[in-house]
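First up is the structure itself, then whatever we jot down about it.
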Amino acid sequence: MTKVTMSVNGKSVSGEVAGNTLLVDFLRQDLRLTGTHVGCDTSQCGACVVHVNGEAVKSCTMFAAEAEGAEVATIEGQAAADGTLNTLQQAFQDYHGLQCGFCTPGMVMSAAALLKENPQPSEAEVRDYLEGNICRCTGYHNIVRAIMAASGQQVPAVAAE
Amino acid sequence: MYSFDIERPTSVADAVAALGADEALALGGGQTLIPTLKQRLASPSKLVSLSGIAEMKGVSQDGNTLRIGGGTTHASVAREAGAFPALAALAGNIGDPAVRNRGTIGGSLANNDPSACYPAAALGAGAMIVTDRREIAADDYFQGMFATALEEGEIITAVTFPIPAKAAYMKFEQPASRFALVGVFVSQGDAGVRVAVTGASEGGVFRWSAAEEALSGNFSADAISGLSLPADDMIADLHGTAAYRAHLVSVMTRRAVAAAG
């Protein structure tokens, strides 16, 4: 076992992990931050996306020990302390960007990383950035609309592809 | 996963020492190795994570040579390799954004997946693979599917690319995995014309010498319009037959030449 210390949503946390403990398992099982989901566990679906040092990563495909000293941000840290949703989360609600909600934590974290890098993405850029996030309910249109709205842009009437 | 220890050295020297242990494996960005471990296809006693080694990260230019640290992520190459636009574009189209934030050029080249993008760039641009103990020309480095010239415990610390006058990479994506069903990297520079093909051959990445010869006299898509490759040693799987891949090689080569201008 190895001791790891990292900052998660601004709070310093530490724990004992095995070499093969994935970051997502440390978050969910040790810290009980179960907002980050495990969908496929094969790096394809993106339900487990969190930020490590500001960059979106799949937490099912990174070891907890590799996050030693890192700043980790999860879906739990997105809303304000009183539960008020941030702009992006509110847009997902306003534009019905979720149905079952399973992929939503990863979608929101990926979208947040996109908007940090590219504050006014085009619809095509949004779709391209979400390539590694799979949603089985919405058909993506309302997710794209929510992200466009959160970036302060006019929401396109997205055409069915 | 089987159980193993994990170490995070902060220098190449310490990483090489740690890899001296029995059954130790180097861990780059883990985007291939971690799924492999989950499937219990590998059982190392120890993983030596290279992600904490600052000297292995970053992109720098020295004249006409671009040097990329072995631990540099695809996302960093996409952002910082502007001096070699074809390479930056290739890096920016590997996998998806989250994968690009972890996966590294050294990890990709050490793994030498027959459908990976970076091997095509390294071979197609005539790169030099720099390790903790020597430099290996790309022409000598790739030795077949998942096989390379690397010795046990040898670490790719950097890759140096001569920046070609013209270059482009065209990938026909397998839409689920986003690996190359066929990818072709072409370049024209001081070393002449090079055409490297990934995703197609049972032997891994290879140079298409007939196309190189034809393009040396006339660097245009027309120069190779009549050329085709035999399908004999092409990969055949549920995504495409050998004949389909052989055909795609010609098409993607023509597109790459046209894109390189």
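Below, chains carry the letters A, B, ... as their sequence lines are ordered, and counting in each starts from 1. Please read these numbers as outputs of a predicted model, since none were measured by experiment.
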Run the salt bridge (Lys or Arg N to Asp or Glu O under 4.0 Å) check on B:R100 and A:E117 step by step: do they pass? CA-CA 14 Å; B:R100 293 195 286 273; A:E117 196 179 300; over 6 Å; no

Measure the CZ-OG distance between B:R102 and A:S59 for me, rounded to the nearest 0.5 Å. 11.0 Å

Of B:V99, B:N101, B:T73, the one forming a side chain to side chain contact (heavy atoms under 4.5 Å, CB included) with A:V57 is B:N101

Please classify the contact of A:N133 with chain B as side chain, backbone, both or neither, using a heavy-atom distance under 4.5 Å. neither

For A:T42, is there any backbone N or O sitting under 3.5 Å from a side-chain donor or acceptor partner on B:K38? no

Can you tell me how far CG of A:L22 sits from CE of B:M1, rounded to the nearest 0.5 angstrom? 4.0 Å

Distance from B:S3 atom OG to A:M1 atom CE, nearest 0.5 Å? 11.0 Å

Distance check, rounded to the nearest 0.5 Å: B:I34 atom CD1 versus A:C60 atom SG? 8.5 Å

Can you tell me if A:Q120 has over 12 outside heavy atoms packed within less than 6.0 Å of its CD? yes

Where does A:L130 contact chain B at under 4.5 Å (heavy atoms): side chain, backbone, both or neither? neither

Just how far is it from atom CD of A:E68 to atom OG of B:S51, taken to the nearest 0.5 Å? 11.0 Å

So does B:S49 get a backbone contact from the side chain of A:E66, meaning a donor-acceptor N/O pair under 3.5 Å? no

At what distance, to the nearest 0.5 angstrom, does OG of A:S110 lie from CG of B:D96? 7.5 Å

Between A:N20 and B:Y2, is there a donor-acceptor pair closer than 3.5 Å when you use the side chain of the first and the backbone of the second? yes

Does atom CD of A:Q154 have more than 12 heavy-atom neighbours, drawn from other residues, nucleotides or ligands, at distances under 6.0 Å? no

Step through the shown structure and confirm whether more than 12 heavy atoms of other residues, nucleotides or ligands are within 6.0 Å of CD on B:E173. yes

Which is it for A:F63 and B:R8 under the side chain to side chain contact (heavy atoms under 4.5 Å, CB included) test, yes or no, and what are the steps along the way? CA-CA 11 Å; A:F63 293 115; B:R8 277 192 99 207; over 6 Å; no

Counting neighbours of CZ on B:R255 that are heavy atoms of other residues, nucleotides or ligands and sit closer than 6.0 Å, is the number greater than 12? no

Note: vs chain B, highest number of non-hydrogen pairs under 4.5 angstrom among A:I134, A:D41, A:V49, A:T2 is A:D41

With a 4.5 angstrom heavy-atom cut-off, which part of B:L33 approaches chain A: side chain, backbone, both or neither? neither

Nearest heavy-atom contact between B:A98 and A:K58 is CB-CG, 3.7 Å

